[in-house]
J.: 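Handing you a structure now.
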Amino acid sequence: MTQHKVHDLSLRSLSKTYNPTSSEQAVRDVSLEIARGEFVALLGPSGSGKTTTLMMIAGFEDPTAGDILVDGKSIVGMPPNRRDIGVVFQNYALFPKMTVAENIGFPLRMRHRGKSEIAATVGRLLELIRLPGYGERYPNELSGGQQQRVALARALAFDPRLLLLDEPMGALDRKLREQLQLEVKRIQRTLGVTTVYVTHDQEEAMVLADRVAIMNHGRLEQVGTPAEVYNRPVNRFVAQFLGTANLLLGHVVNAASVGKAEAEVGGARLPFVATQGIAAGSAVEIFVRPECVVVGPAGAGPLTGTVESTIFVGDTTRYTVQVGDFRVLATSHNRADHPIHAPGTQVSMRWSADNAIALEPAPSTSAS
Amino acid sequence: MKQSRFVLALLIAPVLAFLSAILFYPLAEMVHRSFIDPAPGIGNYVRIVENDVYARVFWTTFEVSGLITLICLLVGYPLAYAAANRGPTARLILLAAVMMPFWTSLLVRTYAWMVLLGAGGPAVELWSFFIGTEPPQLLFNRFSAVIGMVYVMLPYMVLSLFGVMNEIDYNYQRAARSLGATPLRAFWHVYLPQSMAGVTGGVLLVFIVSIGFFVTPALLGGRKETFIARLIKINVQDVVDWGFASALAVVLLVLTIALLFFYDRLLRSESVLSPGPKRGRA
């Protein structure tokens with residue numbers, strides 16, 4: 001079952017206000033271009049507007065302002081049943097009084113397809129989701145993971161123009177999630193269907209998506225490949241939402257327009273890459289991931305501190321190092337021939353310029 | 001194991017004792033009396049069969065109860081649907097409107113209908129004002145009896161439906177819409193089957209309670225709307241023929257149980273009495 005035609009999606013200055021008398025917006029001015037066959041994850045904490053955005057694309061909510069276009073044509077105002085968009089809901093929403101086969105065949109029945117065609121498509125989809133022979137079961141006779149796959153098959157049965165998934169793994173345990181993530185990715189690749197996936201789990205977003213769109217307070221904070229948003233966050237929120245981050249307050253000593261620069265942090269000169277023009281003397285927050293901080297014996301790097309805690313996790317060791325009045329987190333890969341620094345010992349830390357960037361400091365900041 | 005069964009028996013004992021005293025024993029006594037009073041034998045039952053008045057009253061009881069149930073369902077379903085799906089304000093107003101009469105005495109409500117529909121009442125006035133002709137008889141017939149009883153029974157139906165509908169996740173309708181169903185087809189294929197548990201429960205409740213109606217049809221209906229409960233009361237209080245009254249009650253009980261079983265068979269998948277094997281999540 002190959003996709004006959006692949007479609008693109010465009011969100012233009014999309015806004016949603018639930019209460020017209022208040023200025024609070026669930027979604028504020030979101031613009032996003034999603035290419036044909038692309039898999040985009042909308043990532044954000046609860047209340048960030050990601051589900052509302054998805055509901056507007058599906059047609060369950062009307063935007064207050066802005067436009068939604070599929071292949072360049074606006075779909076705003078079109079009833080959901082005419083949009084040809086497959087949706088997988090958080091609780092799957094499998095119809096309890098219908099069998100698995102009836103559930104998957106439902107969209108085809110609504111399109112007045114013949115019985116034999118429906119049966120053939122249902123059979124093919126059951127193969128695709130690796131549940132052949134489950135057609136006559138009822139949803140409540142399936143496990144959570146199986147229900148999730150049936151919901152996916154049902155949303156794909158009518159060759160939808162887009163596939164939308166609203167936190168589809170929310171109710172599953174971790175191990176099953178990892179398994180199903182690969183499954184979802186495989187199916188999406190096989191069909192090549194343009195997909196928007198809503199999640200609050202940053203790891204899930206990065207595993208699945210070609211691009212990740214991070215939302216907060218209704219706004220789109222950053223869009224990019226998983227590596228881009230993880231390594232080059234545009235602000236504190238993105239930096240901290242995607243993983244553990246060191247945000248070290250300092251000021252620029254050696255400026256450059258764009259490129260390598262130096263900042264003074266905790267009495268040491270540390271390199272970073274300026275992603276935008278930045279003046280010498282201005283206050284910055286240096287962002288560096290713990291795994292980019294190289295810990296060595298005292299004197300081997302510019303930044304010196306005292307190990308506060310050492311946690312051995314098998315493949316890595318996690319250090320918390322006290323430097324003056326702030327702490328630096330560092331994660332080292334373990335090798336039998338590398339020493340592990342015990343708490344209380346003096347260590348040095350360094351990183352190469354490419355691993356650090358400067359962010360605008362927040363009003364009241366401290367290392368985290 | 002042994003101890004837990006003992007505890008279980010201990011927990012059930014008070015209920016069992018209570019039911020034995022006020023239900024099982026009197027029921028057995030009633031059945032017994034129907035065969036011995038005034039003379040041993042099946043004389044009382046022969047009397048019921050011989051005189052077709054009784055068959056007619058039984059028929060009226062079941063027919064009018066069925067009609068009441070049907071009207072309650074047709075009126076109650078949209079009402080419960082709106083209460084369950086239209087936001088908190090609408091829910092409050094609708095449920096309050098349905099529940100309010102519930103807190104007023106049945107007798108008061110019945111008399112209120114007599115005033116509303118009777119000679120010189122507002123219904124007659126409105127008819128004369130708008131239509132100009134002499135209004136038809138509104139009181140002491142099937143029309144007034146059914147209106148009064150529907151009014152009493154509607155809350156049972158609405159609450160039974162609302163209880164089930166309130167548990168139906170709105171995402172089911174959204175899912176159906178996204179899969180290509182029009183609002184009407186989403187309702188028919190997805191919502192209605194899921195609300196059936198409330199329908200079967202409400203129908204059962206309203207019908208069974210309606211069969212026992214006494215005051216309302218007696219006050220609002222005419223002679224033709226005599227319910228079996230009234231005949232039993234006459235035989236208990238006025239004629240003082242307890243054996244015959246017992247026989248009538250036994251026949252009513254047997255007919256009701258028979259109907260219940262038939263109904264349950266008819267709706268096997270939505271069985272109220274036994275959890276069927278293919279019962280889905282509501």
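Just so it is clear: chains get the letters A, B, ... in the order the sequence lines come, proteins before strands, and each one is counted from 1.
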J.: What do you reckon, is CZ of A:R189 surrounded by more than 12 foreign heavy atoms closer than 6.0 Å?
T.: no
J.: Which bit of B:A186 comes within less than 4.5 Å of chain A, counting heavy atoms only: side chain, backbone, both or neither?
T.: neither
J.: Identify the heavy atoms of A:K97 and B:P193 that sit nearest to each other, and give their distance.
T.: CE-O, 3.6 Å
J.: Any donor-acceptor pair under 3.5 Å linking the side chain of A:R82 with the backbone of B:G180?
T.: no
J.: Quick check for you: to the nearest 0.5 Å, what is the distance between B:S178 atom OG and A:D84 atom CG?
T.: 10.5 Å
J.: After noting the C-alpha distance and the side-chain angles of B:H189 and A:M110, does the key distance pass the side chain to side chain contact (heavy atoms under 4.5 Å, CB included) rule?
T.: CA-CA 10 Å; B:H189 291 290; A:M110 291 301 110; 3.4 Å; yes
J.: Between A:R83, A:Q90, A:R109, A:M98, which shows the greatest number of heavy-atom pairs under 4.5 Å with chain B?
T.: A:R109
J.: Below 30° counts as parallel, above 60° as perpendicular, anything between as tilted: where do the rings of A:F95 and B:Y172 land?
T.: tilted
J.: Heavy-atom cut-off 4.5 Å, strictly under: side chain, backbone, both or neither for B:D169 against chain A?
T.: side chain
J.: Measure distances from B:R177 to the heavy atoms of chain A and classify the residue's part below 4.5 Å as side chain, backbone, both or neither.
T.: both
J.: Could you tell me whether the side chain of A:R111 and the main chain of B:L179 form a donor-acceptor pair under 3.5 Å?
T.: yes
J.: A:A151 versus chain B, heavy atoms under 4.5 Å apart: side chain, backbone, both or neither?
T.: neither
J.: Taking C-beta and beyond as the side chain, do A:P80 and B:R174 meet within less than 4.5 Å on heavy atoms?
T.: no
J.: For atom OH of A:Y18, decide whether the heavy atoms of other residues, nucleotides or ligands shown that lie under 6.0 angstrom number more than 12.
T.: yes
